[in-house]
Visitor: 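Just passing along the structure, written as structure tokens.
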Amino acid sequence: MKILIIGNGAREYALGLALSSDSRVAQLYFAPGNGATETLGKNLIASSYDELLHIAQDIPISLVIVGPEAPLLAGVSDLFAQAGFLVFGPSQQAAILEGSKAFMKDFAKRHNLPTARFIQTSDLNEALDFANTLGYPAVIKADGLCAGKGVVIAQDAKQASETLESMLSGEAFGEAGKRVVIEEYLEGFELSVFAVCDSEDFVLFPAAQDHKRLLSGNKGPNTGGMGAYAPAPAATPEIMDTISRTIIAPTLAGMRQEKRAFTGVLFAGIMVVDSKPYLLEFNVRFGDPECEVLLPLLQTPLLDVLTACAQGNLKNLNVCFTQQSAVCVVLATAEYPYSSPKPVVIAFDPPSPQGAHLCFAGVSRSGEDLLATGGRVIACVGVADSLKEARDSAYLLCKSVHFSGKQMRDDIAQWALQ
Ligand code: AMP
Ligand code: GLY
């Protein structure tokens, strides 16, 4: 079987790594991939999705996996599905759950999903009045995709007014900010919950926790994610059952009812307040770095899970997970998340400690060298029988990777071990 993975991050590397050990997989292709995905398969260069479609037809590819949100929102799943490919990833119509926070909040209201009180509007006065009614802190969210920067927790009326003005005028995020959601601030702990779905049925992965802030102690700016671990001990069976019943199941039913049937990964950002889960946001893909800790826990071959979702027969598949834990620590360049540095050579101390492996993201190849080209460079993943051992081996692996300006958090998964 020849498989195409669209994307270029550590998430796509992790998907490729999990598939590469499956004897049914004859060849992996990445588009565009990165300097390390070439060791798992072939990188394809295409100047448009139409061109990529033609390349995939010539190969021919049997399964297309779409990693990031941007191609999903651009309708890449539809393009390939209409051409007869088996595709893992939601349609453009379904990807709106991530593409529009206003849609997602209205959907939550229509289907009685537990979520923070809100309004959505493009009117400055209406937005400010509602924020003042809620009191502070109040949460302001740009409607569209803003690369993880579209959420502001306003501490007072002045900050709310400045934020709303810069979003609604288009100054902050262009069209994506000209509509906003204003919502109640929820205080609790966060979980990332992933359901693989075939539009009717779904299977939950063990819950993960991300670390969005750049610096240890949850300080510094928000990033794509500096580390993750799973399973999160805070996600008790009762909480996971409530998330299944009150959030995931009604979402799949509601999406079918609204003719936006959802297949692929539904990623629910959850805030647990006094043991009750509330939906903060939906994403329509695996999280990065969450994917890197979830796939090693999957016992059932990933290929079977992805094809069952794409073919609509998930209910006939028994999806099992190991009892292990996984921890992932992201190594980023010094300038992350602000700018990209000059490429620098990465050096590795062989061999990797047992139970640990690397997933590559911002890297490119130059002859024999692997270069760090910016952003999140490498995810160091430890997998073990306990969270503590998994964490220890992830951090041991971090020490064996060297590049100038390397930065990482030193407190990934610490909260769970206290
Ligand atoms: P989102 O992209 O909607 O998940 O928001 C990004 C981050 O903002 C979340 O991971 C939370 O840390 C925070 N956040 C979003 N909505 C709320 C809320 N209603 N109350 C408190 N924090 C929130
Ligand atoms: N780690 C968060 C995300 O992938 O959106």
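Numbering of ligands and ligand atoms starts at 1, following listing order. The basis for the numbers below is simple: all heavy atoms, side chains too, and nothing from hydrogens, waters or symmetry mates.
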Visitor: Under 4.0 Å from atom 9 (C) of ligand 1, is there at least one protein heavy atom?
Guide: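 Yes.
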
Visitor: What is the closest protein heavy atom to atom 12 (O) of ligand 1, and at what distance does it sit?
Guide: Glu190 OE2, 2.4 Å

Visitor: Among all protein heavy atoms in this structure, tell me which lies nearest to atom 17 (C) of ligand 1, with the distance rounded to 0.1 Å.
Guide: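 It is Leu280 CD2, 3.6 Å.
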
Visitor: Show me, pair by pair, the donor-acceptor contacts under 3.5 angstrom made by side chains of residues 3-11, not counting sequence neighbours?
Guide:
{"unit_1": "Arg11", "atom_1": "NH1", "unit_2": "Phe286", "atom_2": "O", "d": "2.7"}

Visitor: For the residue pair Trp415 and Phe189, does the interplanar ring angle fall in the parallel (under 30°), tilted (30 to 60°) or perpendicular (over 60°) class?
Guide: tilted

Visitor: Can you check side chain to side chain contact (heavy atoms under 4.5 Å, CB included) on Phe321 and Val203, steps first, answer last?
Guide: CA-CA 11 Å; Phe321 296 93; Val203 174; 4.2 Å; yes

Visitor: Taking atom types as modelled and ignoring hydrogens, do the side chains of Asn318 and Thr300 form a donor-acceptor contact shorter than 3.5 angstrom?
Guide: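 No, Thr300 and Asn318 have no side-chain donor paired with an acceptor closer than 3.5 Å.
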
Visitor: Would you call Arg110 and Glu258 a salt bridge, using N to O less than 4.0 angstrom?
Guide: yes

Visitor: With His402, which residues qualify under ring-ring contact (aromatic ring centres under 6.0 Å, His included), at least two apart?
Guide: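 With neighbours one apart ignored, the set is empty.
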
Visitor: Out of curiosity, is Glu187 lining ligand 1, as in a heavy atom under 4.0 Å away?
Guide: no

Visitor: Excluding sequence neighbours, so at least two apart, what forms salt bridge (Lys or Arg N to Asp or Glu O under 4.0 Å) with Arg409?
Guide: Asp411

Visitor: Any sub-3.5 Å donor-acceptor pair from Asp143's side-chain atoms to Ala176's backbone N or O?
Guide: no

Visitor: Would you check if the side chain of Arg391 reaches a backbone N or O of Ile412 as a donor-acceptor pair within less than 3.5 Å?
Guide: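 Judged by distance alone, yes, a pair lies under 3.5 Å.
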
Visitor: Can the positive tip of Lys105 be found less than 6.0 Å from the middle of the six-membered ring of Phe107, inside 45° of the ring normal?
Guide: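 Verdict for Phe107: no cation-pi partner in Lys105.
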
Visitor: Output yes when Lys42 and Glu38 qualify as a salt bridge under the 4.0 Å nitrogen-oxygen rule, no when they do not.
Guide: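 Salt bridge absent between Lys42 and Glu38.
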
Visitor: How far is atom 23 (C) of ligand 1 from its nearest protein heavy atom, and which residue and atom name does that atom have?
Guide: Ile153 CD1, 4.0 Å

Visitor: Based purely on interatomic distance, does Leu186 place a nitrogen or oxygen under 3.5 Å from a nitrogen or oxygen of ligand 1?
Guide: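 Yes, since at least one N or O of Leu186 sits under 3.5 Å from an N or O of ligand 1.
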
Visitor: Would you mind listing which atoms of ligand 1 come within a distance below 4.0 Å of any non-hydrogen atom of Met271?
Guide: 21 (C), 22 (N)

Visitor: How does Glu184 reach ligand 1, by side chain, by backbone, by both or by neither, if only non-hydrogen atoms under 4.0 Å count?
Guide: backbone

Visitor: With a 4.0 angstrom cut-off on heavy atoms, strictly below it, pick out the residues next to ligand 2 and order them by chain and number.
Guide: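 Within 4.0 Å of ligand 2, protein side: Asp210, Gly224, Phe267, Arg285, Gly287, Asp288, Pro289, Glu290.
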
Visitor: Report the nearest protein non-hydrogen atom to atom 3 (O) of ligand 1: residue, atom name, distance rounded to 0.1 Å.
Guide: Lys141 NZ, 2.9 Å

Visitor: Under 4.0 Å from a heavy atom of Lys101: which atoms of ligand 1 are those, numbered in the order shown and with their elements?
Guide: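 The list of qualifying atoms is 1 (P), 2 (O), 3 (O).
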
Visitor: Within a distance under 4.0 Å of any heavy atom of Lys212, pick out the atoms of ligand 1 and give their elements.
Guide: 10 (O)

Visitor: In terms of side-chain geometry, is the basic nitrogen of Glu200 or Lys315 positioned less than 4.0 Å from the acidic oxygen of its partner?
Guide: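 No, Glu200 and Lys315 are not salt-bridged.
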
Visitor: Tell me the protein heavy atom at minimum distance from atom 2 (O) of ligand 1, and give that distance in Å.
Guide: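 For atom 2 (O) of ligand 1, the nearest protein heavy atom comes out as Glu281 OE1, 3.0 Å.
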
Visitor: Is the shortest side-chain N to carboxylate O distance from Glu183 to Lys141 below 4.0 Å?
Guide: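 Salt bridge: yes.
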
Visitor: Within a distance under 4.0 Å of any heavy atom of Glu183, pick out the atoms of ligand 1 and give their elements.
Guide: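 Result: 16 (N), 17 (C), 18 (C), 19 (N).
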
Visitor: Quick test: of every protein heavy atom, which one is nearest to atom 7 (C) of ligand 1, and how far off is it to 0.1 Å?
Guide: Val151 CG1, 4.5 Å

Visitor: Please determine if Tyr185 has a nitrogen or oxygen closer than 3.5 Å to a nitrogen or oxygen of ligand 1.
Guide: no

